[in-house]
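Here the structure is laid out as C-alpha coordinates; the discussion comes afterwards.
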Amino acid sequence: MRLILLGPPGAGKGTQAVFIAGKYNIPHISTGDIFRDNIKQGTELGKKAKDYMDKGLLVPDELVVEIVEDRLKQGDCTNGFLLDGFPRTVMQAQTLDKVLKNIGVGLDKVINIEADKGVLVERAVGRRICKECGTTFHIKNNPSAKGDICDRCGGNLYQRDDDNEETVTRRIEVYLNETAPLIEYYSKQNKLVTVDGTEEIDKVFEEIVVSLGSGL
Ligand code: AP5
Ligand code: MG
Ligand code: ZN
(Lines give C-alpha, C1' and ligand atoms only; values in the text may rest on other atoms or scores of the structure.)
(Ligands and ions follow the chains in the order given, each with its own letter.)
Protein backbone atom coordinates (compact mmCIF):
# COMPACT_ATOMS: atom_id res chain seq x y z
CA MET A 1 0.00 0.00 0.00
CA ARG A 2 1.27 3.45 -0.96
CA LEU A 3 -0.85 5.94 0.90
CA ILE A 4 -1.11 9.63 1.74
CA LEU A 5 -2.97 11.10 4.71
CA LEU A 6 -4.40 14.50 3.92
CA GLY A 7 -6.28 16.77 6.32
CA PRO A 8 -6.09 19.97 8.34
CA PRO A 9 -4.11 20.33 11.60
CA GLY A 10 -5.75 18.29 14.35
CA ALA A 11 -7.86 16.21 11.96
CA GLY A 12 -6.33 13.02 13.35
CA LYS A 13 -3.68 12.17 10.74
CA GLY A 14 -1.02 11.15 13.26
CA THR A 15 -3.53 9.24 15.40
CA GLN A 16 -4.87 7.21 12.45
CA ALA A 17 -1.39 6.77 10.96
CA VAL A 18 -0.33 4.56 13.88
CA PHE A 19 -3.24 2.16 13.24
CA ILE A 20 -2.92 2.19 9.45
CA ALA A 21 0.86 1.62 9.50
CA GLY A 22 0.31 -1.27 11.93
CA LYS A 23 -2.46 -2.93 9.93
CA TYR A 24 -0.74 -2.73 6.54
CA ASN A 25 2.79 -3.10 7.90
CA ILE A 26 4.16 0.00 6.18
CA PRO A 27 6.39 2.79 7.55
CA HIS A 28 4.69 5.94 8.86
CA ILE A 29 6.50 8.98 7.43
CA SER A 30 5.49 12.27 9.04
CA THR A 31 7.35 15.33 7.75
CA GLY A 32 6.27 17.23 10.88
CA ASP A 33 7.87 14.52 13.07
CA ILE A 34 11.05 14.59 10.93
CA PHE A 35 11.33 18.37 11.44
CA ARG A 36 10.64 18.11 15.18
CA ASP A 37 13.35 15.42 15.52
CA ASN A 38 15.79 17.70 13.68
CA ILE A 39 14.91 20.62 15.96
CA LYS A 40 15.49 18.42 19.01
CA GLN A 41 18.87 17.32 17.68
CA GLY A 42 19.84 20.90 16.76
CA THR A 43 20.62 20.11 13.09
CA GLU A 44 20.89 22.78 10.36
CA LEU A 45 17.62 21.57 8.90
CA GLY A 46 15.96 21.88 12.30
CA LYS A 47 17.24 25.45 12.72
CA LYS A 48 15.88 26.42 9.31
CA ALA A 49 12.48 24.77 9.88
CA LYS A 50 11.81 26.01 13.42
CA ASP A 51 10.96 29.63 12.58
CA TYR A 52 8.39 28.61 10.00
CA MET A 53 6.83 25.99 12.25
CA ASP A 54 6.57 28.30 15.25
CA LYS A 55 4.75 30.83 13.10
CA GLY A 56 2.38 28.18 11.72
CA LEU A 57 3.75 28.62 8.21
CA LEU A 58 4.89 25.93 5.79
CA VAL A 59 8.57 25.09 5.57
CA PRO A 60 9.74 25.98 2.01
CA ASP A 61 9.13 23.25 -0.58
CA GLU A 62 12.80 22.77 -1.49
CA LEU A 63 13.68 21.78 2.09
CA VAL A 64 10.81 19.32 2.38
CA VAL A 65 10.96 17.61 -1.00
CA GLU A 66 14.56 16.45 -0.66
CA ILE A 67 13.98 14.85 2.73
CA VAL A 68 10.99 12.90 1.49
CA GLU A 69 12.77 11.81 -1.66
CA ASP A 70 15.65 10.41 0.43
CA ARG A 71 13.29 8.74 2.86
CA LEU A 72 11.31 6.99 0.11
CA LYS A 73 14.53 5.47 -1.25
CA GLN A 74 15.15 3.58 2.00
CA GLY A 75 14.62 -0.16 1.98
CA ASP A 76 11.59 -0.22 4.26
CA CYS A 77 9.56 1.70 1.66
CA THR A 78 9.90 -0.94 -1.05
CA ASN A 79 6.53 -2.50 -0.30
CA GLY A 80 4.69 0.67 0.59
CA PHE A 81 4.55 3.70 2.85
CA LEU A 82 2.16 6.05 4.58
CA LEU A 83 2.92 9.75 4.13
CA ASP A 84 1.46 11.96 6.88
CA GLY A 85 1.57 15.72 6.25
CA PHE A 86 3.22 15.44 2.85
CA PRO A 87 2.53 16.66 0.19
CA ARG A 88 1.15 19.98 1.39
CA THR A 89 1.39 22.09 -1.77
CA VAL A 90 0.66 21.39 -5.43
CA MET A 91 4.40 21.70 -6.12
CA GLN A 92 5.15 18.99 -3.54
CA ALA A 93 2.45 16.75 -5.04
CA GLN A 94 3.85 17.18 -8.55
CA THR A 95 7.35 16.39 -7.33
CA LEU A 96 6.10 13.28 -5.55
CA ASP A 97 4.38 12.11 -8.72
CA LYS A 98 7.69 12.46 -10.58
CA VAL A 99 9.71 10.69 -7.89
CA LEU A 100 7.30 7.74 -7.84
CA LYS A 101 7.22 7.57 -11.62
CA ASN A 102 11.03 7.38 -11.65
CA ILE A 103 10.97 4.39 -9.30
CA GLY A 104 8.15 2.87 -11.32
CA VAL A 105 5.43 2.82 -8.68
CA GLY A 106 2.15 4.68 -8.11
CA LEU A 107 0.00 5.80 -5.23
CA ASP A 108 -2.89 3.60 -4.17
CA LYS A 109 -5.03 6.05 -2.24
CA VAL A 110 -5.08 9.49 -0.66
CA ILE A 111 -7.10 9.49 2.56
CA ASN A 112 -8.66 12.86 3.24
CA ILE A 113 -9.72 13.29 6.88
CA GLU A 114 -12.31 16.05 7.24
CA ALA A 115 -13.20 18.08 10.35
CA ASP A 116 -14.40 21.63 10.94
CA LYS A 117 -12.46 24.46 12.52
CA GLY A 118 -14.01 24.35 16.02
CA VAL A 119 -13.09 20.67 16.44
CA LEU A 120 -9.58 21.23 15.04
CA VAL A 121 -8.61 24.02 17.42
CA GLU A 122 -9.96 22.18 20.46
CA ARG A 123 -8.08 19.01 19.49
CA ALA A 124 -4.74 20.66 18.76
CA VAL A 125 -4.77 22.85 21.87
CA GLY A 126 -5.64 19.85 24.10
CA ARG A 127 -3.06 17.53 22.54
CA ARG A 128 -0.26 16.13 24.70
CA ILE A 129 2.57 13.91 23.47
CA CYS A 130 4.88 11.51 25.29
CA LYS A 131 8.51 12.66 25.23
CA GLU A 132 9.76 9.08 25.31
CA CYS A 133 7.52 6.99 23.04
CA GLY A 134 5.69 9.67 21.02
CA THR A 135 2.17 8.46 21.88
CA THR A 136 -0.42 11.19 21.32
CA PHE A 137 -3.06 11.93 23.96
CA HIS A 138 -5.76 14.54 24.41
CA ILE A 139 -6.57 16.08 27.78
CA LYS A 140 -10.32 15.42 27.30
CA ASN A 141 -10.88 13.07 24.35
CA ASN A 142 -8.07 10.62 24.93
CA PRO A 143 -6.31 11.28 28.26
CA SER A 144 -3.48 9.24 29.72
CA ALA A 145 -4.72 7.21 32.69
CA LYS A 146 -1.79 8.69 34.64
CA GLY A 147 -2.41 12.40 34.01
CA ASP A 148 0.80 14.14 32.90
CA ILE A 149 2.66 10.83 32.66
CA CYS A 150 2.39 8.43 29.72
CA ASP A 151 0.34 5.35 30.70
CA ARG A 152 2.28 3.21 28.21
CA CYS A 153 5.89 3.94 29.11
CA GLY A 154 5.96 6.31 32.10
CA GLY A 155 7.48 9.20 30.08
CA ASN A 156 6.53 12.84 30.65
CA LEU A 157 3.91 14.43 28.40
CA TYR A 158 4.56 17.74 26.62
CA GLN A 159 2.68 20.21 24.44
CA ARG A 160 3.94 21.14 20.96
CA ASP A 161 5.19 24.75 20.60
CA ASP A 162 2.74 25.31 17.73
CA ASP A 163 -0.32 23.99 19.61
CA ASN A 164 -1.57 27.31 20.96
CA GLU A 165 -4.81 28.85 19.70
CA GLU A 166 -3.20 31.61 17.64
CA THR A 167 -0.75 29.35 15.80
CA VAL A 168 -3.33 26.62 15.24
CA THR A 169 -5.67 29.20 13.68
CA ARG A 170 -2.85 30.30 11.36
CA ARG A 171 -2.06 26.67 10.46
CA ILE A 172 -5.70 26.11 9.51
CA GLU A 173 -5.63 29.20 7.23
CA VAL A 174 -2.42 27.99 5.62
CA TYR A 175 -4.01 24.57 5.12
CA LEU A 176 -7.04 26.09 3.39
CA ASN A 177 -4.93 28.26 1.08
CA GLU A 178 -2.05 25.96 0.23
CA THR A 179 -3.00 22.35 0.96
CA ALA A 180 -6.76 22.08 0.35
CA PRO A 181 -6.21 22.40 -3.46
CA LEU A 182 -4.72 18.89 -3.26
CA ILE A 183 -8.23 17.53 -2.66
CA GLU A 184 -9.08 18.39 -6.25
CA TYR A 185 -5.62 17.37 -7.48
CA TYR A 186 -6.02 13.80 -6.19
CA SER A 187 -9.70 13.60 -6.90
CA LYS A 188 -8.88 14.18 -10.59
CA GLN A 189 -6.44 11.27 -10.37
CA ASN A 190 -9.25 9.13 -8.87
CA LYS A 191 -7.15 8.50 -5.79
CA LEU A 192 -9.13 10.40 -3.15
CA VAL A 193 -11.22 8.84 -0.39
CA THR A 194 -12.79 11.08 2.24
CA VAL A 195 -13.64 10.11 5.82
CA ASP A 196 -15.44 11.99 8.59
CA GLY A 197 -12.76 12.88 11.16
CA THR A 198 -15.26 14.09 13.76
CA GLU A 199 -16.28 10.52 14.63
CA GLU A 200 -14.59 8.61 17.45
CA ILE A 201 -11.02 7.42 16.81
CA ASP A 202 -12.03 3.73 16.28
CA LYS A 203 -14.90 4.71 14.00
CA VAL A 204 -12.63 6.84 11.80
CA PHE A 205 -10.19 3.95 11.49
CA GLU A 206 -13.01 1.58 10.48
CA GLU A 207 -14.11 4.04 7.81
CA ILE A 208 -10.54 4.26 6.48
CA VAL A 209 -10.12 0.50 6.28
CA VAL A 210 -13.44 0.13 4.45
CA SER A 211 -12.54 2.94 2.06
CA LEU A 212 -9.26 1.16 1.26
CA GLY A 213 -11.30 -1.85 0.26
CA SER A 214 -10.05 -4.29 2.88
CA GLY A 215 -11.72 -6.05 5.81
CA LEU A 216 -11.19 -5.09 9.47
P1 AP5 B 1 2.49 18.49 11.29
O2 AP5 B 1 3.22 17.92 12.42
O3 AP5 B 1 2.19 17.64 10.13
O4 AP5 B 1 1.15 19.14 11.87
P5 AP5 B 1 -0.30 19.36 11.24
O6 AP5 B 1 -0.48 19.02 9.81
O7 AP5 B 1 -0.63 20.75 11.60
O8 AP5 B 1 -1.17 18.29 11.86
P9 AP5 B 1 -1.18 17.86 13.36
O10 AP5 B 1 -0.03 16.96 13.64
O11 AP5 B 1 -1.35 19.06 14.21
O12 AP5 B 1 -2.57 17.09 13.43
P13 AP5 B 1 -2.94 15.57 13.17
O14 AP5 B 1 -3.91 15.57 12.04
O15 AP5 B 1 -1.75 14.70 13.07
O16 AP5 B 1 -3.76 15.28 14.51
P17 AP5 B 1 -3.51 14.20 15.69
O18 AP5 B 1 -3.75 12.84 15.18
O19 AP5 B 1 -2.25 14.47 16.41
O20 AP5 B 1 3.27 19.78 10.76
C21 AP5 B 1 3.75 20.74 11.66
C22 AP5 B 1 4.47 21.86 10.91
O23 AP5 B 1 5.60 21.30 10.21
C24 AP5 B 1 3.68 22.57 9.83
O25 AP5 B 1 2.90 23.63 10.37
C26 AP5 B 1 4.79 23.07 8.90
O27 AP5 B 1 5.41 24.21 9.44
C28 AP5 B 1 5.79 21.93 8.97
N29 AP5 B 1 5.57 20.94 7.89
C30 AP5 B 1 5.26 19.62 8.05
N31 AP5 B 1 5.13 19.01 6.87
C32 AP5 B 1 5.36 19.96 5.92
C33 AP5 B 1 5.33 19.96 4.49
N34 AP5 B 1 5.05 18.83 3.80
N35 AP5 B 1 5.60 21.11 3.85
C36 AP5 B 1 5.90 22.25 4.52
N37 AP5 B 1 5.92 22.33 5.88
C38 AP5 B 1 5.65 21.20 6.57
O39 AP5 B 1 -4.76 14.58 16.63
C40 AP5 B 1 -4.85 15.83 17.28
C41 AP5 B 1 -5.47 15.68 18.68
O42 AP5 B 1 -6.82 15.24 18.57
C43 AP5 B 1 -4.77 14.63 19.56
O44 AP5 B 1 -4.76 15.09 20.88
C45 AP5 B 1 -5.64 13.37 19.43
O46 AP5 B 1 -5.59 12.57 20.59
C47 AP5 B 1 -7.02 13.96 19.21
N48 AP5 B 1 -7.85 13.17 18.29
C49 AP5 B 1 -7.44 12.60 17.11
N50 AP5 B 1 -8.47 11.97 16.50
C51 AP5 B 1 -9.56 12.16 17.29
C52 AP5 B 1 -10.93 11.75 17.20
N53 AP5 B 1 -11.38 11.03 16.17
N54 AP5 B 1 -11.78 12.11 18.21
C55 AP5 B 1 -11.32 12.85 19.27
N56 AP5 B 1 -10.04 13.25 19.40
C57 AP5 B 1 -9.16 12.93 18.43
MG1 MG C 1 0.36 15.01 13.15
ZN1 ZN D 1 5.23 7.03 26.36
Side-chain angles (χ1 to χ4, degrees), residues 4-20 28-39 45-46 48-68 71 83-93 95-96 111-115 119-144 146 148-163 167-175 178-179 182 195-208:
I4 290 176
L5 271 171
L6 192 65
K13 300 183 295 296
T15 302
Q16 296 301 326
V18 175
F19 298 118
I20 300 168
H28 168 205
I29 304 171
S30 155
T31 40
D33 286 347
I34 294 174
F35 288 133
R36 281 183 289 276
D37 281 348
N38 275 274
I39 292 173
L45 175 67
K48 285 184 195 158
K50 187 174 183 347
D51 267 359
Y52 296 99
M53 292 173 77
D54 285 349
K55 289 185 185 132
L57 302 174
L58 294 185
V59 176
D61 285 339
E62 57 272 22
L63 289 180
V64 188
V65 162
E66 215 182 288
I67 301 170
V68 176
R71 183 64 188 86
L83 286 168
D84 161 6
F86 181 94
R88 252 174 155 102
T89 62
V90 171
M91 189 274 181
Q92 291 180 15
T95 309
L96 178 65
I111 305 156
N112 175 33
I113 308 183
E114 280 187 335
V119 172
L120 299 173
V121 174
E122 193 257 343
R123 283 195 191 164
V125 172
R127 169 168 45 198
R128 298 293 182 272
I129 303 160
C130 173
K131 257 189 185 140
E132 302 303 323
C133 72
T135 300
T136 296
F137 298 94
H138 188 281
I139 49 170
K140 276 194 223 140
N141 306 338
N142 184 22
S144 164
K146 295 185 179 164
D148 288 342
I149 306 277
C150 175
D151 57 21
R152 300 207 183 162
C153 80
N156 287 319
L157 304 189
Y158 76 99
Q159 189 171 16
R160 266 167 51 176
D161 289 343
D162 59 349
D163 275 348
T167 313
V168 175
T169 306
R170 168 69 70 79
R171 283 157 55 202
I172 295 171
E173 281 167 22
V174 169
Y175 168 82
E178 304 197 44
T179 309
L182 295 183
V195 298
D196 178 0
T198 62
E199 300 276 0
E200 289 192 3
I201 294 173
D202 296 356
K203 257 311 230 342
V204 180
F205 180 57
E206 271 179 46
E207 233 193 286
I208 291 174

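Being a predicted model, the structure only gives us computed values, none of them experimental. Counting starts at 1 for both ligands and their atoms, following the listed order.
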I need the contact type for [X] against ligand 1. Using non-hydrogen atoms and a strict under-4.0 Å cut-off, is it side chain, backbone, both or neither?
X	answer
Lys203	neither
Asp61	neither
Arg128	neither
Asn142	side chain
Phe137	backbone
Asn141	side chain
Val64	side chain

**Message:** Among residues at least two apart in sequence or on other chains, which ones pass side-chain contact (heavy atoms from CB on, under 4.5 Å) with Thr179?
**Reply:**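 Thr179: side-chain contact (heavy atoms from CB on, under 4.5 Å) contacts with Leu6, Arg88, Tyr175, Leu182.
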Using a 4.0 Å cutoff against the non-hydrogen atoms of [X], which atoms of ligand 1 qualify?
X	value
Thr31	30 (C), 31 (N), 32 (C), 34 (N)
Arg36	2 (O), 21 (C)
Ile201	50 (N), 51 (C), 52 (C), 53 (N), 54 (N)
His138	44 (O), 46 (O)
Glu200	53 (N)
Leu57	26 (C), 27 (O)
Gln92	33 (C), 34 (N), 35 (N), 36 (C)

Starting from [atom], which protein heavy atom do you reach first, and at what distance in Å?
atom	value
atom 47 (C) of ligand 1	Arg123 CD, 4.0 Å
atom 43 (C) of ligand 1	Thr136 CG2, 3.5 Å
atom 22 (C) of ligand 1	Met53 CE, 3.8 Å
atom 16 (O) of ligand 1	Gly12 N, 3.3 Å
atom 13 (P) of ligand 1	Lys13 N, 3.5 Å
atom 4 (O) of ligand 1	Arg160 NH2, 3.2 Å
atom 49 (C) of ligand 1	Thr15 OG1, 3.4 Å
atom 15 (O) of ligand 1	Gly14 N, 2.9 Å

So is [X] touching ligand 1 or not, going by heavy atoms under 4.0 Å?
X	value
Gly10	yes
Gly197	yes
Gly126	no

Return a yes/no value for [X]: is any of its N or O atoms, backbone included, closer than 3.5 angstrom to an N or O of ligand 1?
X	answer
Val59	yes
Glu199	yes
Phe35	no

pair [X]-[Y]: side-chain heavy atoms closer than 4.5 Å:
X	Y	answer
Phe205	Thr15	no
Asp162	Arg170	no
Ile34	Ile29	yes
Leu5	Ile20	yes
Glu114	Asp196	no
Tyr52	Leu58	no
Gln159	Arg128	yes

**Sidechain N-carboxylate O distance under 4.0 Å for Asp161, Lys50** =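 Looking at Lys50 together with Asp161, the answer is yes, because their closest N to O distance falls below 4.0 Å.
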**Message:** Before moving on, can you tell me the angle at the Zn ion (ligand 3) between the SG atom of Cys130 and the SG atom of Cys133, to the nearest 10 degrees?
**Reply:**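 An angle of 110° at the metal.
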Atom pair [atom1]/[atom2] of [X] and [Y] - distance to nearest 0.5 Å:
X	Y	atom1	atom2	answer
Met53	Arg171	CE	CZ	8.5 Å
Leu96	Phe86	CG	CZ	5.5 Å
Asp84	Thr31	CG	OG1	7.0 Å
Leu63	Lys48	CG	NZ	6.0 Å

For a quick test of your reading: what N or O donor-acceptor pairs under 3.5 Å do the side chains of residues 149-157 make, sequence neighbours left out?
from, atom 1, to, atom 2, distance (Å)
Asp151, OD2, Ala145, N, 2.7

Crowding at [atom1], [X] (>12 non-hydrogen neighbours, <6.0 Å):
X	atom1	result
Asp54	CG	yes
Arg160	CZ	yes
Glu199	CD	yes

**Item:** Closest candidate by heavy atom, reference atom 6 (O) of ligand 1, pool Gln159, Arg171, Arg88
**Value:**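 Answer by nearest heavy atom: Arg88.
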